[in-house]
Student: 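Here's a structure for you.
Throughout, a chain's letter reflects where its sequence line sits, starting with A, and its residues are numbered from 1.
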Amino acid sequence: MILHLYNTLTRDISPFKPITPGKVGIYLCGATVQAPPHIGHIRSGINFDILRRWLITSGYEVTFIRNVTDIDDKILHNAIHEEMPWWALAQKYERVFTAAYAELNLLPPTYEPRATGHITQMIELISLLVERGKAYPVANGDVYLDVRALDSYLTLSGQKLDDLQSSADGEESIKKNPQDFALWKSAKPGEPSWPTPWGDGRPGWHIECSAMAQAYLGEKFDIHAGGLDLIFPHHENEIAQSNGAGYPFAQRWLHNAWVTTSGEKMSKSLGNTLRIYELLKRVRGIELRWYLGSAHYRSMLEYSPEALDESAVNFRRVESFLKRAANQLGKIPSSHIAEEFAHAMNDDLAVPAALAVISELVKEGNSALAAKDSKNLEVKSAQVRGALAVLGCDPWDDTWAKSDAALEEVVSGLVKSLLEEREVARARKDFESADRIRDRITELGLTLEDTPDGPRWSR
RNA sequence: GGUGGGAUGGCCGAGAGGCGAGGCUCAGGACUGCACAUCCUGCUACACGGGUUCAAAUCCCGUUCCCACCUCCA
C-alpha cells in the first residue's frame, strides 16, 4: 500500500502522488509570534513533523517550510501592552516557539521564512493581482482583493459567498464587496510601514503565506498544512490570492484538529491555554510528545492531566522494553520499520493503529526477552525503535539523550554498590535488610526489579 | 441562517456492513523470598427511535445532545 492522505479540498482520502517523483514540498502555517505557545500550537507542529518523518522514512526528499508571521495586528497590540517595540516582541516569542519546538524534538524546517523578510515578494504579488483586475487599491492606500472577480472562491471550506455572515467592520463603504479582504493596509501613525506603489503600509494577514510558499516551493506545490481554523479565512484567502495571480498553488490540504479541554477548543479568549512549560513540569518532553502525537491528526485530542499521565505510563512501558532489550543485546537496537506499522502510517497517518502495532511488538519483544530469544528480540526491538523514531520519540535521539549522561554514570556506580550489599543480604536470606535497601532506592525515585540475571534499576 | 466534525466499555481511544484495535484501571493466574517488571486469563461497548440486510457500532430516515468555522485563531 502506498501512502494515502486526506485532502480537505476534496474531503476524501486518496493516494499521494508528488508533483516531482521522489520529492515533496510542504508548507505549514507556523506561528504568529504574539504570545508563548500552548499545546495546540505544538500539536500541529508534531502532527506534521510525523508526516515529514514518515515521508523521509518512505524515501522522499522533503522540503519543509514553516513560516513565522512576525507582523500582524495582535503583535502590534501586544507590543504596546508589553511596552516594547513590535519587532522585539515578535523576536521574543519566536525564540520561545523555537525552544519549545526543539524541546519536543521537531525537526527544524528546511527553511523558516519570516513575513517581514518577504515584503518585496508580497508587493510583487499584490501588483500582479491589481494588474490582473483581481485586486484594487482604494483612496486611503489600502489594497483589497476583489472576491467577486475570482474564477472561484471558497472551494476549500465549501461555503457560498452569499451565505457568509458579513462582518460589521464599518469599512464596508470603501470596499466593493463586504467579503473583500485586505492585501495591504495603509500606514497608521506609530505603526511600522513599508513603501509601496499605493503608499506606505503593512501587509494584510494572508498575503505573507502566498508570497513565501511561492518563493520557496514554487507556483505549484504538493502539500499545504495547518490548523483546522485556518481553513477559513486564512487558507481560503491564500488560494484566492495565488489562484488570482494565476498560480495553481497547493495540490493537497491537510488540517489538524484541536486540543480541547472540557470539550472546548483551547483559545486565548477562553483563557484556558495550556502552556508547554507548565506541562513539562509534569512529564518529560518525550512523554508530552508521545501524548500530543498519539491521537489521529484529524481527531480532537481531549486534554486532561489524567489522560496525559496515562499516556506517559504507556510510553514508559515501551521505553523500558527498549532499554531492557538494549541491556540484554549488549547494544542499542538499530531501527527497522515493521510492515504493519507502515501499513497503518500509509493509511492517512493512522497513528492510533500504529500504536496498537507497537503494543503488540512490545508484548512479543518482552516474551522474547524472557525466553532469551536474542534473534527475535533483535527484530522486535529494532521495529519498536524504528516506529518510535517516526513518531519522534526515539529514546536515543540526541534531543532526549543529551541531558545527564555524566551524572547517570555516577548514580549508576552508587546504586550498584547498594545493590551488591542487598544481594549479600538476600543470599543469607536476610530479607528485612534487603527490603530496607530496596525501599531506600525506591524512595529516591528509582525503580528496582530482580531478574534471573540479577537486580536491575531504572529511572 | 450557512458549512463541517462528533457521541464507542470503569476511563482513554481506534474502526466504518460479518472476523472482540490498542492502552489505562480493576480482578484472577504464572514467575518471584516478597515486591516491581513481564506474560496469560477475565471485564463482550458503540447517544436514542425506526428501517434496509442472512448479518448494522458501521448503510438509510428521524430525534436528542455536544463542538468548531462563517474575516483574531494551530
Student: Please report whether the ring centroid of A:Y6 lies less than 6.0 Å from that of A:H296.
Tutor: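 A:H296 vs A:Y6: aromatic centres not under 6.0 Å.
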
Student: Check every strand shown and say whether A:L230 touches a base, only sugar-phosphate, or nothing at a heavy-atom separation below 4.0 Å.
Tutor: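 The answer is sugar-phosphate, as A:L230 gets under 4.0 Å only of primed atoms, P, OP1 or OP2.
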
Student: Looking at every strand, decide which applies to A:G40 at a 4.0 Å heavy-atom threshold: base, sugar-phosphate, or nothing.
Tutor: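 Result for A:G40 = base.
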
Student: Rounded to the Å, how far apart are A:Y291 OH and B:rC12 P?
Tutor: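 Distance check: A:Y291 OH to B:rC12 P gives 11 Å.
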
Student: Give the rounded distance in Å between these two atoms: OH of A:Y93 and P of B:rA74.
Tutor: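 So the OH-P distance, A:Y93 to B:rA74, works out to 14 Å.
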
Student: Identify whether the distance between the nearest side-chain nitrogen and carboxylate oxygen of A:R316 and A:E287 falls below 4.0 Å.
Tutor: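 Looking at A:R316 and A:E287, the cut-off is met.
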
Student: Nearest whole angstrom, please: distance from the C1' of B:rC69 to the NE2 of A:H234.
Tutor: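 Value for this atom pair: 15 Å.
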
Student: Would you say the ring centers of A:F181 and A:Y144 fall short of 6.0 Å from each other?
Tutor: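 Not close enough - the centres of the two rings lie 6.0 Å or further apart.
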
Student: Please report, rounded to the nearest Å, how far the C1' atom of B:rC72 is from the CG atom of A:N237.
Tutor: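 Checked: the CG to C1' distance equals 14 Å.
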
Student: Under 3.5 Å between N/O atoms: give me all the protein pairs with nucleotides 24-35 of chain B, atom names plus distance.
Tutor:
| from | atom 1 | to | atom 2 | distance (Å) |
| --- | --- | --- | --- | --- |
| B:rG33 | N7 | A:R426 | NH2 | 3.2 |
| B:rG33 | O6 | A:R422 | NH2 | 3.4 |
| B:rG33 | O6 | A:R426 | NE | 3.2 |
| B:rG33 | N1 | A:D435 | OD1 | 3.1 |
| B:rG33 | N2 | A:D435 | OD2 | 3.0 |
| B:rC34 | O2 | A:R438 | NH2 | 2.7 |
| B:rC34 | N3 | A:R438 | NH1 | 2.9 |
| B:rC34 | N3 | A:R438 | NH2 | 3.3 |
| B:rC34 | N4 | A:D450 | OD2 | 2.9 |
| B:rA35 | N1 | A:D450 | N | 3.3 |
| B:rA35 | N3 | A:R438 | NH1 | 2.8 |

Student: Quick one: are A:H343 and A:E339 in side-chain contact, heavy atoms under 4.5 Å?
Tutor: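 No, too far: nothing below the 4.5 Å cut-off.
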
Student: Between B:rA74 atom P and A:I46 atom CD1, what is the distance in whole Å?
Tutor: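 In whole Å, B:rA74 P lies 16 Å from A:I46 CD1.
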
Student: Hunt down any stem RNA chain B takes part in, defined as 3 or more consecutive Watson-Crick or G-U pairs whose two distances are each under 3.5 Å.
Tutor: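 So far as stems of 3 or more pairs are concerned, RNA chain B shows B:1-7 with B:64-70, B:10-12 with B:22-24, B:26-30 with B:38-42, B:47-51 with B:59-63.
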
Student: Is A:R428 salt-bridged to A:D430, cutoff N-O under 4.0 Å?
Tutor: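 Looking at A:R428 and A:D430, the cut-off is met.
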
Student: Remember a base hit wins even if backbone is also touched, and classify A:H296 as base, sugar-phosphate or nothing at under 4.0 Å, heavy atoms.
Tutor: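 The answer is sugar-phosphate, as A:H296 gets under 4.0 Å only of primed atoms, P, OP1 or OP2.
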
Student: In whole Å, what is the span from the CG atom of A:L361 to the P atom of B:rA21?
Tutor: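 After rounding, the gap between these two atoms is 19 Å.
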
Student: So what does A:D162 touch, heavy atoms closer than 4.0 Å: a base, only the sugar-phosphate, or nothing?
Tutor: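 Answer is nothing: A:D162 stays at 4.0 Å or more from every strand.
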
Student: Is A:R66 paired with A:D49 through a side-chain N to carboxylate O contact shorter than 4.0 Å?
Tutor: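 No salt bridge links A:D49 with A:R66.
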
Student: Would you indicate what A:S299 reaches in the nucleic acid, counting non-hydrogen atoms under 4.0 angstrom: base, sugar-phosphate, or nothing?
Tutor: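 Sugar-phosphate contact only.
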
Student: Just call it for A:E306: base, sugar-phosphate, or nothing, with non-hydrogen atoms closer than 4.0 Å on any strand.
Tutor: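 Nothing, no nucleic acid heavy atom in range.
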
Student: Polar pairs (N or O, both sides) under 3.5 Å between protein and nucleotides 2-5 of chain B?
Tutor:
| from | atom 1 | to | atom 2 | distance (Å) |
| --- | --- | --- | --- | --- |
| B:rG2 | O2' | A:D163 | OD2 | 3.1 |
| B:rG2 | N2 | A:Q159 | OE1 | 2.9 |
| B:rU3 | O2' | A:S157 | O | 2.9 |

Student: Looking at residues at least two apart in the chain, or sitting in another chain, which of them share a side chain to side chain contact (heavy atoms under 4.5 Å, CB included) with A:E302?
Tutor: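 A:E302: side chain to side chain contact (heavy atoms under 4.5 Å, CB included) contacts with A:T260.
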
Student: Check this for me: does any side-chain nitrogen of one of A:R438 and A:D435 sit under 4.0 Å from a carboxylate oxygen of the other?
Tutor: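 Salt bridge between A:R438 and A:D435, a charged N being under 4.0 Å from a carboxylate O: yes.
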
Student: With a 4.0 Å heavy-atom cut-off, tell me which residues in residues 340-356 of chain A come close to RNA chain B, sorted by residue number.
Tutor: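 Heavy-atom contacts with RNA chain B come from A:P352, A:A356.
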
Student: Scan A:F48, A:Y93, A:F97 and name whichever one has a ring pair (Phe, Tyr, Trp, His ring centres under 6.0 Å) with A:H41.
Tutor: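 Exactly one pass, corresponding to A:F97.
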
Student: Mind jotting down which residue pairs meet the salt bridge (Lys or Arg N to Asp or Glu O under 4.0 Å) criterion with at least one end in residues 345-356 of chain A? Sequence neighbours excluded, please.
Tutor: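 Those involving residues 345-356 of chain A are A:R298-A:D348.
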
Student: Tell me if the CZ atom of A:F431 is crowded by more than 12 foreign heavy atoms within 6.0 Å.
Tutor: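 More than 12 within 6.0 Å, yes.
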
Student: Within the 4.0 Å heavy-atom criterion, would you say A:E360 contacts the bases, only the backbone, or no part of the nucleic acid?
Tutor: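 Contact class for A:E360: sugar-phosphate only.
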
Student: Would you check, one step at a time, whether the test ring-ring contact (aromatic ring centres under 6.0 Å, His included) holds for A:Y216 with A:H118?
Tutor: CA-CA 11 Å; A:Y216 294 92; A:H118 298 76; 5.4 Å; yes

Student: When the nearest nucleotide of RNA chain B is assigned to A:S367 and to A:H206 on a heavy-atom basis, which residue is associated with the more 5' position?
Tutor: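 The 5'-side residue here is A:S367.
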
Student: Could you check how far CG of A:L104 sits from P of B:rA74, rounded to whole Å?
Tutor: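 The answer, rounded to whole Å, is 17 Å.
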
Student: With the threshold set at 4.0 Å, does a side-chain nitrogen-carboxylate oxygen contact exist between A:R202 and A:D73?
Tutor: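 Yes.
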
Student: Pick base, sugar-phosphate or nothing for A:V357, based on heavy-atom distances below 4.0 Å to the nucleic acid.
Tutor: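 Here A:V357 touches no strand at all.
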
Student: Within the modelled atom types, does a donor on one side and an acceptor on the other bring the side chain of A:K265 and the base of B:rC67 under 3.5 Å apart?
Tutor: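 A donor-acceptor contact between them is absent.
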
Student: Heavy-atom nearest nucleotide on RNA chain B for A:N366 versus A:G30: which residue maps closer to 5'?
Tutor: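 Mapping each residue to its closest nucleotide by heavy atoms, the 5'-most match is A:N366.
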
Student: Give a yes/no answer on whether the side chain of A:K363 brings an N or O atom under 4.0 Å of OP1 or OP2 in B:rG23.
Tutor: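 A:K363 to B:rG23 OP1/OP2: side-chain N or O found under 4.0 Å.
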
Student: What I want to find out is whether A:R275 reaches A:E278 closely enough, with some N-O distance under 4.0 Å, to be called a salt bridge.
Tutor: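 Answer for the salt bridge query: no.
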
Student: Side chain of A:K74: nearest nucleotide among B:rC72, B:rU71, B:rA14?
Tutor: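 Nearest listed nucleotide: B:rC72.
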
Student: Salt bridge between A:K185 and A:E191, side-chain N to carboxylate O under 4.0 Å?
Tutor: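 Salt bridge absent between A:K185 and A:E191.
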
